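Since the structure comes first, as structure tokens, the remarks are kept for the end.
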Amino acid sequence: MHQKTKISRRSTVKAIALATTMLAVSFPAMAQDKPLEGKTVGVTVIGTDHHWDLMAYRGQVDRLKELGAEVIALDAGRNDQTQISQIQTLIAQKPDAILEQLGNLDVLNPWLQRIRQADIPLFTVDTSTPHAINNTTSNNYSIGAELALQMVNDMGGKGKVAVFNGFYSVPVCKIRYDQLKYVLQSFPEIEIIEPELRDVIPNTVQQAYSDVTDILTQYGEDSDLKSVWACWDVPMIGATQAIEAAGRKDVMTYGVDGSPEYVEMVATEGSPAGAVAAQQPYEIGKRAADNVAAYLAGEEVPPFTFVPAVLITKENAAETAEDFLPKKD
Amino acid sequence: MTAVEHAPATSRGWFNSKVFAKLAIRLGAFAAFAGIMIYFALTARGFTTTYNMINVVEQSTILGFLAFAMTVVFIGTGTDVQKGGIDLSIAANAGLCAAVYAVMMREGYGNYVAIPAAIGTGMVIGFFNGLAVVTLKIMPLLGTLAVMNIAAGVELTLTENTVVPVQSDLMTVLAFGRFLGISTLAWCLIIGSVLLVWAIHYSKIGLRLYAVGGHIEAARAAGINTGRYVYGAYIFSGFMAGVASILIVSRLSSSTPGTGLMLLPILAAALLGTVFSRRFIPTIGGTLLAALFIGFLANGFQLLGISSYWVSGVQGALILLVVTVTSFAKKH
């Protein structure tokens, strides 16, 4: 029985991977060798200091170049003012299309609107905005719900959870957090600790480490604290280390993205890292670039392109984690 | 020129070579600026368009305002890194003021309350700097560093490290408004510069401030209340942080964490600015040129398709070059 589920899980993962590949292969933009020859495409990202961001950024830039485009690649180094200046100059450069990845929507929206007012087609990566023609992303609704349900399962349907909620203004985090809350509505015996914790950039890991250490002191072994959750997994690296350092066996961590270090923790027997919804950021970036090519070739592009994510848990890590573990050269 | 005429005859040879070195450096600075501009104009598509030029001025406004503040502190306290003054808290202060403004707007106070509150906050922080440096006689590097941490801490407490969005008509006018074809932010820089050039270089207060920063004992002997001027420089710096914070919020439609990161570009502009002055002293005009230079550099790189990663590296190299050259020229 156990063997069977293993096989079926593995084949599910394989099937998803296969479907993704086929989708990419059958993508109409592929018909021509270099459909973006002679086109200029701007790529603007808020920062690339995290694994996900860097991979998605590289996916876009690599794929755009592969398709023959001239790429104006702009990394704002986590500085909102720099990103705004870069977008402003980018608009003046009048590229054939602009790809925007993540960042604070409150800051960006007026400027994304200006991109459209300048008649430049706008595509986004992981950023849901009314101004974009297409947003290529993971299905964050299902990611949020699946991860929350896994956590509820591991908690046995009751107990306390410490939640990091510092990035509610980032759309994908809002969705995942809202999904968590929605799932928890059905489990009244699970309580989110107030006040919620704030994850930060930079110093994400260190700050999460000290925050979780404080929480562990405040909520001892008999407190029913069972989980720590964040809408991404970099703070969970610090959280997991803090739980390990405190020698606690009763608290598990849950995150999203699939940063190699965190996936490794989930895959490690006895580590307090519970589960991670691992995304395929490089694939997301590539698919966003394909969408640009399709649109500029005059094809219809849907408002959303979802790239599948994989929920890696302690139980299935042996089959699912391999592609997400740190690359050993 | 007048300096040469008044030079004592005995030291004429030495003086001439010094004057020559300074002149060469200053002309070199202008030539480098002009050369880079010409290079961009010839090679970067769209660099010379009016639209792009105004964009760069607009992008330099916030940096310019904060660098002006740092320049005024330098003028009032001297540019010597160890003995002179510095305001390390300026960027964090601007972040705090932006947070105060955004949070007050969120709580429903209008611009008439929130703007004075933000600027007032900046001036209070400036007063703390004065207190640390003048009254408590703490080394400016340490005193303002401590105040920087206070400002950053209060900002975090206010915003909980989140983005606080602000929507108001004034913000839209500041961020996207245009008058005579020039954007509001660019006007702010133009008007701000003119006012400051007058206040610092032509008013009595400005000239006394130079005296205090240039030779504090001499200024004191001449009957200037030097402590009051140093206090004033720091409080003015806080005032500018408050004004800049309103512009920051308008440009970003919100208060965001990370304004403190501006400290290095601010220092770069204020230090780089000294190269453009005759005696390598901080001036408003020099700082304005330096802020624009930094803006044009980032802009030109982007237009040329040079990786944005190079911009900060080049900025750092420029600072190093400027500090080396000016300190060398001052000594010899």
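Keep in mind it's a predicted model, so treat the numbers as computed, not measured. We name chains A, B, ... by the order of the sequence lines, and we start the count at 1 in each one.
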Review point. Checking A:Gln81 side chain against B:Ile248 main chain: does a donor-acceptor pair fall under 3.5 Å?
Key: no
Practice item. Rounded to the nearest 0.5 Å, what's the gap from CD on A:Gln117 to CZ on B:Phe176? Could you check? Key: 8.5 Å
Review point. Looking at CD1 of A:Ile72 and CG of B:Leu304, how far apart are the two atoms once the value is rounded to the nearest 0.5 Å?
Key: 11.0 Å
With a 4.5 angstrom heavy-atom cut-off, could you sort out which part of [X] is near chain B: side chain, backbone, both or neither?
| X | result |
| --- | --- |
| A:Ala92 | both |
| A:Asn104 | side chain |
| A:Leu108 | neither |
| A:Gln86 | both |
| A:Arg78 | backbone |

By a 4.5 Å heavy-atom criterion (distance strictly below it), what part of [X] contacts chain A: side chain, backbone, both, or neither?
| X | result |
| --- | --- |
| B:Glu58 | side chain |
| B:Leu261 | side chain |
| B:Ile62 | side chain |

Check your understanding: Are B:Ser254 and A:Val107 close enough that some pair of their side-chain heavy atoms sits under 4.5 Å apart?
Key -> yes
Review point. For residues B:Gln302 and A:Ser85, is any side-chain donor paired with an opposing acceptor at under 3.5 Å?
Key: no
Check your understanding: Would one find more than 12 heavy atoms of other residues, nucleotides or ligands at under 6.0 Å from atom NZ of A:Lys65?
Key -> no
Review point. More than 12 heavy atoms of other residues, nucleotides or ligands under 6.0 Å from CD of A:Glu70: is that the case?
Key: no
Review point. Can you list the steps and then say if B:Leu156 with A:Arg198 is a side chain to side chain contact (heavy atoms under 4.5 Å, CB included)?
Key: CA-CA 11 Å; B:Leu156 282 176; A:Arg198 302 270 170 216; over 6 Å; no
Revision key, fill the gap. Greatest number of non-hydrogen atom pairs under 4.5 angstrom with chain B, of A:Leu74, A:Ile201, A:Val170, falls to A:Leu74
